[in-house]
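Written out below as structure tokens is the structure these notes cover.
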Amino acid sequence: MEKTIVEIVDYIEPDKVYAELSHSESGGICVFVGTVREFTQGEEVVSLEFEAYENMALKEMKKIATEAKAKWKLNTVLLRHAVGAKEIQEPVVVVGASAAHRDACFKACRYLIDTLKERVPIWKKELFKNKSVWVSAHP
Amino acid sequence: MEVLLFGIAKDIVGKTVIHLDEGGEVPASVSELKEQLISSYPEFAKLSSLAIAVNSEYATDNVSLGKGDEIAIIPPVSGG
């Protein structure tokens, strides 16, 4: 049976993902975990703050999962994003897919994260020592 | 008519919701709403992009707005 998991949570638990994506008909699982990086363009980040328009974000994440399943033969698909304050090295997003063969899950995993970043209504604020910036807001 | 605000849009307006019917004209379409927003808050014109969602779907400029619609301003997204 095909499985799709789409969630917005307070904390990402990467350890859970293997069991969630594991599937008897899959020969491989690909997972991408996005984490908080300490430096942005040479400036030291203190923490990040994520905010979501939750019902729309979930809707868009479901659409992305459906699109990926139409493009590749996948058994499981997962998109999960965290909201709230996040410290350096904390996971903030996890996406993944399992498929019979590795090519489909590698390609799907890339599509899931790239498309999530393009259009899911979630916003990231970078907090530096003396200022804070909404990422990508201005050209 | 309520308009939900997120991210930098919340900072530009200084609140999380705009009530458009309080003493102002109610926009009939997405493009009218954008024009109204930019004239009231010129900072919106400086953003990399400005999208509007109607009932939690991205809406093009020609989409008309109704009283019961859930409307939101979607400034440039930056998840992941």
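Just so we're on the same page: letters track the sequence lines, and every chain starts at 1.
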Region of [X] that comes under 4.5 Å of a non-hydrogen atom in chain B:
X	answer
A:K125	side chain
A:V135	both
A:W123	both
A:A52	backbone
A:K124	both

Taking all non-hydrogen atoms of both residues into account, name the closest pair between [X] and [Y] and its distance.
X	Y	result
A:E51	B:L5	OE2-O, 4.4 Å
A:P139	B:K46	CD-O, 3.3 Å
A:H138	B:L47	NE2-CD2, 3.7 Å
A:S136	B:P76	O-CB, 3.3 Å

*asked:* If we define contacts as heavy-atom pairs under 4.5 Å, which of A:K63, A:K117, A:E49 has the most with chain B?
replied: A:K117

*Could you check which of A:I113, A:N55, A:V92 has the highest count of heavy-atom pairs closer than 4.5 Å to chain B?*
A:N55

So with a 6.0 Å cut-off around [atom1] of [X], is the heavy-atom count from everything else above 12?
X	atom1	answer
A:F128	CZ	yes
A:R119	CZ	yes
A:K3	NZ	yes

Using the rule that Ile, Leu, Val, Met, Phe, Trp and Tyr join whenever any side-chain heavy atoms are under 4.5 Å apart, tell me whether [X] and [Y] fall into a single cluster.
X	Y	result
B:L65	B:L50	yes
A:M61	A:Y11	no
A:V77	A:V93	yes
A:F50	A:I88	yes
A:V94	A:F106	no

*For residues B:S56 and A:Y53, determine if any side-chain heavy atom of one lies less than 4.5 Å from a side-chain heavy atom of the other.*
yes

Starting at [atom1] of [X], measure out to [atom2] of [Y] and round the result to the nearest 0.5 Å.
X	Y	atom1	atom2	value
B:I74	A:I122	CD1	CD1	11.0 Å
A:E126	B:S78	CD	OG	8.5 Å
A:M56	B:E57	CE	CD	7.0 Å
B:Y58	A:E60	OH	CD	5.5 Å

*asked:* Does any backbone or side-chain atom of B:D11 lie under 4.5 Å from a heavy atom of chain A? Answer side chain, backbone, both or neither.
replied: side chain

